[in-house]
Amino acid sequence: AYTAELKREKLQRITKFDADFDNAKLLLEATISQGNFVDSAGKTRSVDELADIFRKNITTQSMILGDAVLQKEYSTKFEVALRTAKVNAVTKALMSDANMADPEKTLAKLKAGDLGNMSPVLQSMITNDFESVAKVTANFMVAVNTRKSIKDAKIADDKRVAEGQAINL
């Protein structure tokens, strides 16, 4: 009975850990989308500093649970979530009308790490995870090409309509 109780308690702690991880992931995503965060002393900090705090928390909590496999699993999940959040946040920033209006200029800014409030996140990606920058660039180019295709289709459709009206005259 004692062993069963210990297993049940450990399962409850793991469930709580999992829920805390999900909440932390959501908080991290929201912070990354802002480009930085302000600490309790009022100092602006990078999202990578916040990510380090989350990493340490995951390690500490999984060590308390006494499960090295769990620690490795959640550390891997965290790194994937962090990378995805950065890619999504930078991609979203690139989708603004100003950036979409001049793709060549935006690509030059992307290469230079200049993306307004998202610049620290982009610069971190350029330095530490260039594969993510390639993914962001691909996402941007797909959006630009999609927008151009829709615009070209509308122009062609408008031209057909105008030609149809001219023939009817």
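In this chain, numbering begins with 1 at the start of the sequence shown.
- In this structure, Phe17 and Gln61 approach most closely via the heavy-atom pair CE1-CB, 3.2 Å.
- The residues Asp129 and Lys135 are annotated as not salt-bridged, no charged nitrogen and carboxylate oxygen being separated by less than 4.0 angstrom.
- With values rounded to the nearest 0.5 angstrom, Arg147 atom CZ is found 9.5 Å from Lys151 atom NZ.
- In the hydrophobic cluster analysis, where Ile, Leu, Val, Met, Phe, Trp and Tyr join through side-chain heavy atoms closer than 4.5 angstrom, Leu6 is grouped apart from Leu65.
- The heavy-atom pair separating Leu122 from Asp114 by the smallest distance is CD2-N, 4.1 Å.
- Distance check: Asp152 CG to Asp157 CG gives 12.5 Å after rounding to the nearest 0.5 Å.
- Contacts of Asp22 classified as salt bridge (charged side-chain N to carboxylate O under 4.0 Å, His left out), with partners at least two apart in sequence or in another chain: none.
- Between Lys56 and Asp52 there is no salt bridge, since no side-chain nitrogen of the basic residue lies less than 4.0 Å from a carboxylate oxygen of the acidic one.
- Linking ILVMFWY residues whenever their side-chain heavy atoms come closer than 4.5 Å, directly or via other members, places Val133 and Met141 in the same cluster.
- In plain terms, the two heavy atoms of Gln123 and Gly113 that are nearest each other are NE2-O, 3.0 Å.
- Around the CD atom of Gln12, the shell of radius 6.0 Å holds more than 12 heavy atoms that belong to other residues, nucleotides or ligands.
- In this structure, Lys10 NZ and Arg13 CZ are separated by 7.5 Å, a value rounded to the nearest 0.5 Å.
- When the options Val144, Asn145, Thr146, Asn139 are evaluated for a side-chain contact (heavy atoms from CB on, under 4.5 Å) with Val142, the one that passes is Thr146.
- No side-chain heavy atom of Met118 sits less than 4.5 Å from a side-chain heavy atom of Leu94.
- With values rounded to the nearest 0.5 angstrom, Thr84 atom OG1 is found 11.0 Å from Glu79 atom CD.
- Taken from CD1 in Ile58 to CD in Gln71, the straight-line distance is 8.5 Å, to the nearest 0.5 Å.
- Heavy atoms only, all atoms of each residue included: Met100 and Pro103 are closest at O-CD, 3.6 Å.
- When the shell of 6.0 Å around CD of Glu104 is examined, it contains 12 or fewer heavy atoms from other residues, nucleotides or ligands.
- The aromatic rings of Phe54 and Phe78 sit tilted relative to each other, their planes meeting at an angle between 30° and 60°.
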Which donor-acceptor pairs under 3.5 Å do side chains of residues 24-37 form with protein atoms, sequence neighbours excluded?
| residue | atom | partner | partner atom | Å |
| --- | --- | --- | --- | --- |
| Thr31 | OG1 | Leu27 | O | 2.9 |
| Ser33 | OG | Ala30 | O | 2.7 |

